[in-house]
Q: 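Okay, here's the structure, questions in a sec.
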Amino acid sequence: MVGALAQDKAGQRRLLRQRLSAYGEAERTEASRCLAERLALLPEWQGAKGVLLYASLPGEPDTDLLFWRARAEDKRVFYPFVRGKDRSLGFAEVETLESLHPGPLRFREPSPERKERKLEADLILIPGLGFDQGGMRLGRGSGYYDRTLAEIGSGLLRVGLFFSWQELSRVAAEGHDERMDLLVTEREVIRIGRAG
Ligand SMILES: Nc1nc2c(c(=O)[nH]1)N(C=O)[C@@H](CNc1ccc(C(=O)N[C@@H](CCC(=O)O)C(=O)O)cc1)CN2
Ligand SMILES: Nc1ncnc2c1ncn2[C@@H]1O[C@H](COP(=O)(O)OP(=O)(O)OP(=O)(O)O)[C@@H](O)[C@H]1O
């Protein structure tokens, strides 16, 4: 039943927001560092010529370390921005973190003079409130990433980044929810097999 699932999702979001607020800046900084090290060791990261990052909201793994790492490795780096009415994401290439500024949903976005670009990335790093071991993700409830991933298709590797305390035994997933290919936390890497 759609109604029951939506309610489960709301309950899971509440639980996760509570859990996130229990961890302080120091824990988050240390775990973000471990997570970045782990990700950067993966062949999928090392072989990538371009990556789509996200600008972290409070409580999410910090991706600034990954920005510097990617630039040092001569990768192209893209960031998403909210494209307004249709609740979709556009992408722009970013060369310095200083060119990011808070947008309408508060996360930092490429500056207003940005040029929207075709996403020439091999990896897309995806935030979320919660994830499960099957690669399902619980977002903030606006469907931005689900719509974006449905649009992009399966051509690029979807990497869910989260802290181990954001793991759920099972996300109350609905039909439109898109699956990740790879999960990385400060503790482990989980590869999800693609059916078919
Ligand atoms: N870092 C990050 N970027 C992302 C997402 C995300 O979850 N995290 N999104 C995932 O799809 C999309 C944006 N979705 C969002 C949906 C709601 C709010 C929101 O409620 N913002 C609050 C402040 C943040 C908070 O305290 O939760 C606000 O505007 O008051 C933000 C982003 C695209 N970019
Ligand atoms: N591919 C899609 N096309 C159209 N609408 C969609 C699509 N995916 C999700 N939606 C709609 O977006 C809304 C929010 O979906 P959901 O609760 O799964 O968001 P979420 O994944 O938690 O959010 P976000 O990706 O922003 O973090 C739902 O009403 C859903 O119907």
Side-chain angles (χ1 to χ4, degrees), residues 1-40 42 51-67 79-82 87-89 97 100-109 123-150 157-192:
M1 237 168 53
V2 173
L5 267 174
Q7 250 178 32
D8 290 352
K9 272 195 171 177
Q12 290 190 335
R13 286 195 182 98
R14 265 198 306 279
L15 172 82
L16 286 159
R17 284 183 188 281
Q18 252 168 26
R19 273 203 219 157
L20 284 175
S21 64
Y23 290 84
E25 237 0 75
E27 279 154 308
R28 181 172 163 256
T29 302
E30 176 57 17
S32 292
R33 213 179 46 74
C34 292
L35 190 156
E37 290 295 321
R38 210 174 274 291
L39 175 64
L42 296 178
V51 294
L52 174 73
L53 298 185
Y54 62 85
S56 317
L57 284 167
E60 292 176 343
D62 186 352
T63 55
D64 287 3
L65 295 167
L66 290 170
F67 174 84
Y79 278 82
F81 58 86
V82 169
R87 287 192 151 191
S88 67
L89 298 174
L97 284 181
L100 298 174
H101 300 284
L105 291 176
R106 307 224 200 147
F107 64 85
R108 288 172 300 150
E109 299 186 341
L123 292 188
I124 163 166
L125 305 186
I126 305 176
L129 286 176
F131 292 83
D132 68 27
Q133 296 249 346
M136 296 312 289
R137 161 182 176 273
L138 182 75
R140 288 172 194 266
S142 329
Y144 281 100
Y145 273 99
D146 290 324
R147 268 187 296 275
T148 301
L149 292 172
L157 198 80
R158 307 159 169 201
V159 185
L161 294 191
F162 59 106
F163 296 128
S164 52
W165 51 87
Q166 291 175 269
E167 186 177 325
L168 289 169
S169 55
R170 193 160 184 280
V171 168
E174 301 170 89
H176 63 256
D177 285 322
E178 299 274 336
R179 196 180 289 277
M180 307 295 108
D181 298 312
L182 188 63
L183 301 176
V184 183
T185 76
E186 80 283 10
R187 293 211 179 146
E188 59 182 339
V189 172
I190 302 166
R191 288 196 161 74
I192 315 292

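Since this is a predicted model, take the numbers as computed values, not measurements. Along the sequence shown, residues are numbered consecutively beginning with 1.
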Q: Between R33 and E186, is there a salt bridge with N-O shorter than 4.0 Å?
A: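 Salt bridge absent between E186 and R33.
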Q: Using only atom types and a distance under 3.5 Å, with no angle test, would you say the side chain of S164 pairs donor to acceptor with the backbone of R187?
A: no
Q: What distance do R13 atom CZ and D8 atom CG have between them, rounded to the nearest 0.5 Å?
A: 11.0 Å
Q: What's the spacing between Y54 OH and E109 CD if we round to 0.5 Å?
A: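 Here the interatomic distance stands at 15.5 Å.
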Q: Y145 versus E178: any side-chain heavy-atom pair under 4.5 Å?
A: no
Q: Without swapping roles, check the side chain of T63 against the backbone of L66 for a donor-acceptor pair under 3.5 Å.
A: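 No: the side chain of T63 does not pair with the backbone of L66.
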Q: Between R87 and Y144, is there a side-chain heavy-atom distance shorter than 4.5 Å?
A: yes
Q: Does the side chain of F81 reach to within under 4.5 Å of the side chain of L89, using non-hydrogen atoms?
A: no
Q: Any Lys/Arg nitrogen of R179 or D146 sitting under 4.0 Å from an Asp/Glu carboxylate oxygen of the other?
A: no
Q: First locate atom CG of L53, then atom OH of Y79, and finally report the distance between them rounded to the nearest 0.5 Å.
A: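 It is 4.5 Å, given to the nearest 0.5 Å.
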Q: Look at the side chain of Q166 and the backbone N and O of F163, then say whether any donor-acceptor pair between them is shorter than 3.5 Å.
A: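 Here the side-chain-to-backbone pair exists.
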Q: Would you be so kind as to tabulate the donor-acceptor pairs closer than 3.5 Å made by side chains of residues 135-142, with sequence neighbours excluded?
A:
| unit_1 | atom_1 | unit_2 | atom_2 | d |
| --- | --- | --- | --- | --- |
| R137 | NE | P127 | O | 2.7 |
| R137 | NH2 | P127 | O | 3.3 |
| R140 | NH2 | E60 | OE2 | 2.8 |

Q: Output all residues satisfying side-chain contact (heavy atoms from CB on, under 4.5 Å) with E27, sequence neighbours left out; order by chain, then residue number.
A: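 Residues passing side-chain contact (heavy atoms from CB on, under 4.5 Å) with E27: Y23.
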Q: Can you tell me how far apart OG (S32) and CG (D64) are? Round to the nearest 0.5 Å.
A: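 If we round to the nearest 0.5 Å, S32:OG and D64:CG are 9.5 Å apart.
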Q: Would you compute the distance between atom CG of L35 and atom CZ of R28 and round it to the nearest 0.5 angstrom?
A: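 Reported to 0.5 Å precision, the distance equals 11.5 Å.
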Q: What's the spacing between I126 CD1 and I124 CD1 if we round to 0.5 Å?
A: 4.5 Å
